[in-house]
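All remarks here apply to the structure that follows.
None of the values given here were measured: they were computed from a predicted structure.
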Amino acid sequence: NLSGILARSACRARASMYLSVLRELEKLQAELAAAIQDGLAAATSTNNEVWVAEGAYYENVVLRTGIRLYGGFAGTETSLSQSDPAANVTTIDGGQNGNAVIGANSALIDGFTITNGKPYSTGGGIYCSYSSPTISNCRITANAGSGVYCYQSSPTIIDCEISLNADKGIYCDVGGNPTITDCTISDNSASQYAGIHCYSARPTIKRCIVTGNLATSGTARGGGMAFVSCSQAITVENCLIFDNRAAMGAGVYCSMSSPSFVNCTIAGNIATTSGGNIYLTGANPTFLNTIVASGGAPSAGAAAMRPPARR
């Protein structure tokens, strides 16, 4: 049957072509999988910038001390100022195989979308342990852990969108003292402390929008910001904290911590039990030229206070 023979031949030809395309895609993905790390490895102290062209790079990137990593290029630029991360989206995809990016002292990462990191223990998008990189102009989103994790580190986080991460937007663990400026921390979730969580840490937070974050457990605390056992001075300045949700302290939760809020607005946060906008326990924050709106909880309204638990 000639028609049958021709049909089988056509099917074999299509299958062969399909397999050929798959092999080329696999080859390209393998090349991309080491492209950024290879660029970092080739950089030197005198030639310390790595420019990365648009595309998705499936790898876990370890920054290098003193090396500056930039995304957002089409591949034809001759000047750093021509980088356009919005037009030339450059993605580091961690492949749910560890932290997408690991920090280093005096390193910089700028102009990337950082996604799909899944930590083995802590971290997720960008992991900083005893390291203080600069993280600027990045979109850190949809990681299976924290967007940015800091332990004994003082990174500078500037002009970033940190959103849709599954275990906090920014986690400042013990000795985590980041400077967070001009960032939007939105739509992150966690069982407790969803937006920015500071434990025995001292961040400086300026000109940030913290919104849409959700602490999910039935006794969840700290939808927007949470400060727990932070004994040192903390400044939150010119920030808007609104439309976050938790059981207690949906906007801000303070336990054994006394941050200073300057020129801030804390409003429209919703708690299911108490302290819609602020919940304080063993805390004595200060407010200068700051608006704390009324309402936001079925009991204790905008703010709730209770003494610290006996130890």
Side-chain angles (χ1 to χ4, degrees), residues 147 161-165 167-172 180-199 201-231 233-309:
E161 174 195 326
I162 301 170
S163 64
L164 298 169
N165 298 288
D167 188 16
K168 314 179 199 303
I170 300 175
Y171 185 8
C172 311
I180 307 166
T181 307
D182 295 322
C183 291
T184 298
I185 296 96
S186 66
D187 302 306
N188 301 283
S189 61
S191 59
Q192 303 273 6
Y193 318 128
I196 300 175
H197 175 202
C198 303
Y199 174 72
R202 192 187 62 189
T204 299
I205 306 169
K206 296 183 177 181
R207 299 191 302 275
C208 289
I209 297 172
V210 181
T211 184
N213 301 287
L214 173 64
T216 59
S217 77
T219 58
R221 296 159 285 180
M225 293 185 182
F227 304 98
V228 180
S229 300
C230 297
S231 60
I234 294 170
T235 300
V236 181
E237 184 175 342
N238 291 311
C239 288
L240 175 59
I241 304 165
F242 75 100
D243 194 29
N244 301 284
R245 295 172 186 256
M248 298 178 287
V252 176
Y253 177 88
C254 295
S255 173
M256 308 298 291
S257 307
S258 299
S260 297
F261 293 88
V262 181
N263 299 328
C264 293
T265 296
I266 307 169
N269 302 285
I270 299 175
T272 55
T273 58
S274 59
N277 288 310
I278 296 180
Y279 188 100
L280 308 177
T281 173
N284 187 30
T286 58
F287 301 92
L288 176 63
N289 198 30
T290 288
I291 297 169
V292 180
S294 61
S299 64
M305 299 178 66
R306 69 179 178 88

For residues [X] and [Y], report the shortest heavy-atom separation together with the two atoms involved.
{"X": "Ala194", "Y": "Gly223", "result": "CB-O, 3.6 Å"}
{"X": "Ser258", "Y": "Ala283", "result": "OG-C, 4.1 Å"}
{"X": "Ala250", "Y": "Ala271", "result": "CB-N, 3.8 Å"}
{"X": "Asn188", "Y": "Ile162", "result": "ND2-O, 3.1 Å"}
{"X": "Ala201", "Y": "Cys172", "result": "CB-O, 3.5 Å"}
{"X": "Ile185", "Y": "Gly195", "result": "CG2-O, 3.8 Å"}

Only pairs under 3.5 Å count here: list side-chain donor-acceptor contacts from residues 237-249, not counting sequence neighbours, and write none if there are none.
residue	atom	partner	partner atom	Å
Asn244	OD1	Gly212	N	3.3
Asn244	OD1	Asn213	N	3.0
Asn244	OD1	Asn213	ND2	3.0
Asn244	ND2	Val210	O	3.0
Asn244	ND2	Phe242	O	3.1
Asn244	ND2	Asn269	OD1	3.0

Going by heavy atoms in the side chains, are [X] and [Y] under 4.5 Å from each other?
{"X": "Met225", "Y": "Ile205", "result": "yes"}
{"X": "Cys264", "Y": "Val236", "result": "yes"}
{"X": "Cys254", "Y": "Pro259", "result": "yes"}

May I ask you to check whether Thr286 and Ser260 show a side-chain donor-acceptor distance below 3.5 Å?
yes
With sequence neighbours left out, what residues match [X] under side chain to side chain contact (heavy atoms under 4.5 Å, CB included)?
{"X": "Ser231", "result": "none"}
{"X": "Thr219", "result": "Gln192, Ser217"}
{"X": "Thr216", "result": "Ser189, Ser191, Leu214"}

Ser186 side chain to Ser163 main-chain N or O, any donor-acceptor pair under 3.5 Å?
no
Got a second to check how far [X]'s [atom1] is from [Y]'s [atom2], nearest 0.5 Å?
{"X": "Ser255", "Y": "Phe227", "atom1": "OG", "atom2": "CZ", "value": "12.5 Å"}
{"X": "Tyr253", "Y": "Ile278", "atom1": "OH", "atom2": "CD1", "value": "13.5 Å"}
{"X": "Ile180", "Y": "Thr204", "atom1": "CD1", "atom2": "OG1", "value": "8.5 Å"}
{"X": "Leu164", "Y": "Asp187", "atom1": "CG", "atom2": "CG", "value": "5.5 Å"}

Pairs involving residues 206-215, ordered by first then second residue, that meet salt bridge (charged side-chain N to carboxylate O under 4.0 Å, His left out) (sequence neighbours left out)
Asp182-Arg207
Those residues that, when tested against Phe261, pass ring pair (Phe, Tyr, Trp, His ring centres under 6.0 Å) (two or more places apart)
Phe287
